[in-house]
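First comes the structure, then the notes that go with it.
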Amino acid sequence: MGTNRLILACAAGILLNLTGMELPAGTAGFVRALGTASLPLGTLCVGAALPTASSAYVMAPALGGDSSLMASTIAMQTIAGVLHLPGLLFLITSFAG
């Protein structure tokens with residue numbers, strides 16, 4: 001987990017925010033553009049994940065897999081995502097002040 005680039009980048013961002021350090025001159029606009037694009041890109045990723053889940057269910061019996069287990073796995077992942085995201089957003093907004 002300590003080598004995951006996403007986790008390391010988040011930790012670096014939190015550290016920079018807590019120390020009050022600013023980005024180097026000229027990079028603020030670029031970072032702002034990336035931040036603006038993150039919501040639409042996240043929506044695209046979620047949209048791509050939904051057909052993947054349904055195709056996994058269709059492919060399970062076709063390849064001799066356990067289709068009921070796949071359906072249960074997809075349902076539990078969906079429920080976990082629905083419950084996890086509001087809690088995560090609450091924590092982020094609580095610490096962001």
Side-chain angles (χ1 to χ4, degrees):
M1 203 163 106
T3 59
N4 186 325
R5 292 180 184 155
L6 182 59
I7 292 174
L8 293 174
C10 289
I14 291 169
L15 182 65
L16 288 173
N17 189 17
L18 291 175
T19 60
M21 293 179 65
E22 294 186 11
L23 294 172
T27 59
F30 176 71
V31 173
R32 189 173 294 112
L34 285 177
T36 304
S38 65
L39 182 62
L41 289 175
T43 305
L44 286 173
C45 290
V46 169
L50 292 176
T52 303
S54 60
S55 64
Y57 172 74
V58 171
M59 292 299 293
L63 297 173
D66 188 350
S67 60
S68 63
L69 176 62
M70 182 56 69
S72 299
T73 302
I74 293 168
M76 291 306 293
Q77 288 177 341
T78 303
I79 292 168
V82 167
L83 297 175
H84 174 260
L85 281 175
L88 184 62
L89 290 173
F90 173 76
L91 286 174
I92 290 171
T93 55
S94 295
F95 287 114

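- Taking each heavy atom of Ser67 and Tyr57 in turn, the nearest pair found is O-CE1, 3.4 Å.
- Of the inter-residue distances, the one linking Ile79 atom CD1 with His84 atom NE2 reads 15.0 Å to the nearest 0.5 angstrom.
- Atom CG of Leu85 sits about 9.0 Å away from atom CD1 of Ile92, to the nearest 0.5 Å.
- Taking CG of Leu83 as the reference point, atom CG of Leu88 lies at 12.5 Å (rounded to 0.5 Å).
- The minimum heavy-atom distance linking Ala60 with Met70 is given by the pair CB-CB, 4.1 Å.
- Listed by chain and number, the hydrophobic cluster partners of Leu18 are Ile14, where partners are ILVMFWY side chains within reach of under 4.5 Å, directly or through others.
- In this structure, Ser55 has no side-chain contact (heavy atoms from CB on, under 4.5 Å) partners at least two apart in sequence or on a different chain.
- Contact record, Pro40 with Ala37: CD-O, 3.2 Å, taken as the closest heavy-atom pair.
- When every heavy atom of Leu16 is checked against every heavy atom of Thr19, the shortest pair comes out as O-OG1, 3.1 Å.
- Applying the side-chain hydrogen bond (donor to acceptor under 3.5 Å, both in side chains) criterion to Asp66, with sequence neighbours excluded, gives Ser68.
- In this structure, CG in Leu39 is found 4.5 Å from OG1 in Thr43, a value given to the nearest 0.5 Å.
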